[in-house]
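In what follows, a structure is listed as structure tokens, so that the remarks can point back to it.
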Amino acid sequence: MSVTAPARSAPPRPAAAARRLPVLRRAVVSSAMLAPALVLFGLFVLYPLVGAVRISLTDSTGIGEARWVGLGNYAELARDPVFWRAAGHTVLLAAVSVPVSLALGLALALLLRDKLPGRGLFRALFLAPYVLSGVVVAMAGRWIFDENIGIVHRLALALHLPAWSWQSSPWPAAASIVLVLLWARTGLAVVLYLSALQGVPADVMEAAELDGASPWQRLRYVVWPLLRPTTFFLTVLLVIETFQVFDLVWVMTGGGPAGGTELLVTYAYGQGFNARREGYGSAIGVVVFVVVLAATALWWRAQRASEDEA
């Protein structure tokens, strides 16, 4: 007669609630830490954005009751030549200022990469225009390019060069905007590129040098691929800032002369506050938001595609 040994009972497993407790605790802690930022984002970004979209669908003037017009403001934008001219100026400003800012920032960062005396001072000087108030930078630019008493005007007279009408001619006025914008932005590119260059492995550069790569080849095939994330971040940031340029243009030229420096943001401000057409100005702002969002998404997708191919 055989005696069967009693089966051993499996060790008790932790309860499902006990297993979920750490996950729940992490979720609660994460939500508590994100809550202040989400509240601020909702109050100062989402709520104004929804409000701007709502106003853009009305003929609001800021006084009295607004009448619902639906997409009437957007249909008027499609027929507005001033809007399209301001849009062209904005796109042209981004197409010129962003690549030049990136090129100048990278070139200066390469010069400052070595441990030069006073490198920290140079960083502060390059970054100062970016962190200063836009109105301060614009006032400095207006003083520099004043066609009567400005530094550039006096320098041209001293060198017996022809003086330009920086405030009374469209193209010189636009050139002054671009030059001041480059002065204000290049410092940010210098600082970020300089930080990225310090992260390039020294052994990789030494190996490329031992393989006979020239300085240009090392920059193109070694350094530049490692700087792509920084370049992507700077490109998106500078494009967004270009579509938001207001104080610089408003103080230096006011959008003139003859609309030669009118941008989308200055046109929206003029329509919303000077012409008392809040609905129309809000429609321009919504269009700017959609364009910037779409451009950022396309650039991000192109960047991801290039990284996957690499």
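Values reported hereafter were calculated over all heavy atoms of this structure, with side chains retained and with hydrogens, waters and symmetry mates removed. Small disclaimer: the values here were computed from a predicted structure and weren't measured.
Not a single donor-acceptor pair under 3.5 Å links the side chain of Ser165 to the backbone N or O of Ser168. At distances below 3.5 Å, at least one donor-acceptor pair connects side-chain atoms of Arg276 with backbone N or O atoms of Thr61. No donor-acceptor pair under 3.5 Å is formed between the side chain of Thr266 and the backbone N or O of Glu262. The backbone N or O of Gly256 sits less than 3.5 Å from a side-chain atom of Thr261, completing a donor-acceptor pair. The closest donor-acceptor contact from the side chain of Asp146 to the backbone of Ile151 lies at 3.5 Å or more, if one exists at all. At least one donor-acceptor pair under 3.5 Å links the side chain of Thr58 to the backbone N or O of Ile55.
We find the CG-CZ distance between Leu57 and Arg67 to be 13.0 Å, quoted to the nearest 0.5 Å. Going from atom CZ of Arg185 over to atom CG of Leu237 covers 8.0 Å, rounded to the nearest 0.5 Å. The CD atom of Gln198 sits 6.0 Å away from atom OG of Ser195, with the distance rounded to the nearest 0.5 Å. From Leu248, atom CG reaches atom OG1 of Thr242 across 10.5 Å, with rounding to the nearest 0.5 Å. Summarising the geometry, atom CG belonging to Leu227 is positioned 10.0 Å from atom CG belonging to Leu234; distances are rounded to the nearest 0.5 Å. Atom-to-atom distance recorded for Asn73:CG and Ile284:CD1 is 9.0 Å, nearest 0.5 angstrom.
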Stepwise, does the side-chain contact (heavy atoms from CB on, under 4.5 Å) test hold for Val137 with Val180?
CA-CA 8 Å; Val137 174; Val180 175; 3.9 Å; yes

Determine, step by step, whether Phe289 and Phe243 satisfy the side-chain contact (heavy atoms from CB on, under 4.5 Å) criterion, reporting the C-alpha distance in whole Å, the side-chain angles of both residues, the deciding distance to 0.1 Å, and the verdict.
CA-CA 9 Å; Phe289 171 77; Phe243 275 81; over 6 Å; no

Working for side-chain contact (heavy atoms from CB on, under 4.5 Å), residues Thr253 and Gln167:
CA-CA 7 Å; Thr253 63; Gln167 279 81 42; 5.7 Å; no

Apply salt bridge (Lys or Arg N to Asp or Glu O under 4.0 Å) to Glu76 and Arg277, showing your working.
CA-CA 12 Å; Glu76 184 178 351; Arg277 301 187 64 192; 2.9 Å; yes

Apply side-chain hydrogen bond (donor to acceptor under 3.5 Å, both in side chains) to residues Ser282 and Arg54 and explain how you reach the verdict.
CA-CA 9 Å; Ser282 297; Arg54 180 184 61 81; over 6 Å; no

Show the numbers, then the answer: is there a side-chain contact (heavy atoms from CB on, under 4.5 Å) between Val287 and Tyr74?
CA-CA 9 Å; Val287 170; Tyr74 296 95; 4.0 Å; yes

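For the pair Tyr267 and Gln271, the minimum side-chain heavy-atom distance is below 4.5 Å. Residues Leu77 and Trp84 have side chains not in contact (no heavy-atom distance under 4.5 Å, counting atoms from C-beta outward). With contacts defined as side-chain heavy-atom distances shorter than 4.5 Å, the pair Leu263/Ile177 does not qualify. For the pair His153 and Asn148, the minimum side-chain heavy-atom distance is 4.5 Å or more. The closest side-chain heavy-atom distance from Leu110 to Leu219 is below 4.5 Å. Looking at Val239 and Trp299, their side chains never come closer than 4.5 Å, going by heavy atoms from C-beta outward. In this structure, the side chains of Leu108 and Thr186 come closer than 4.5 Å at one or more pairs of heavy atoms. Proximity of Thr296 to Ile240: side-chain heavy atoms (C-beta onward) are separated by under 4.5 Å at one or more points.
Cluster membership for Phe233 and Val223, using ILVMFWY side-chain heavy atoms within less than 4.5 angstrom, is shared. Linking ILVMFWY residues whenever their side-chain heavy atoms come closer than 4.5 Å, directly or via other members, places Val91 and Val98 in the same cluster. Under the 4.5 Å side-chain contact rule for hydrophobic residues, Val69 and Val53 do not share a cluster. Placement of Leu71 and Val50 in two distinct hydrophobic clusters is found when ILVMFWY residues are connected by side-chain heavy-atom separations under 4.5 Å, directly or transitively. In the hydrophobic clustering of this structure, Leu238 does not group with Leu104; members are Ile, Leu, Val, Met, Phe, Trp, Tyr whose side-chain heavy atoms approach within less than 4.5 Å, directly or through other members.
A pairwise comparison of heavy atoms in Trp166 and Phe145 identifies CB-O, 3.0 Å as the closest pair. Closest non-hydrogen pair, Gly134 versus Asp247, comes out as CA-OD2, 3.3 Å. When every heavy atom of Pro225 is checked against every heavy atom of Arg220, the shortest pair comes out as CD-O, 3.4 Å. When all heavy atoms are compared, the tightest approach of Thr230 to Ala196 is OG1-CB, 3.4 Å. Of all the heavy atoms in Pro162 and Ala156, the pair that sits closest is O-CB, 4.2 Å. Shortest non-hydrogen contact noted between Pro170 and Gly260 is CB-CA, 4.0 Å.
Using bins of under 30°, 30° to 60° and over 60° for the plane-to-plane angle, the ring pair Trp250/Phe246 lands in the parallel bin.
Counted by atom type alone, Ser56 and Tyr280 present zero donor-acceptor pairs between their side chains at under 3.5 Å. A donor-acceptor contact under 3.5 angstrom links the side chains of Tyr130 and Glu241, judged on distance only. For Asn274 and Tyr269, the side-chain atoms include no donor-acceptor pair closer than 3.5 Å.
For Arg142, the CZ atom is loosely surrounded, since the number of other residues' heavy atoms within 6.0 Å does not exceed 12.
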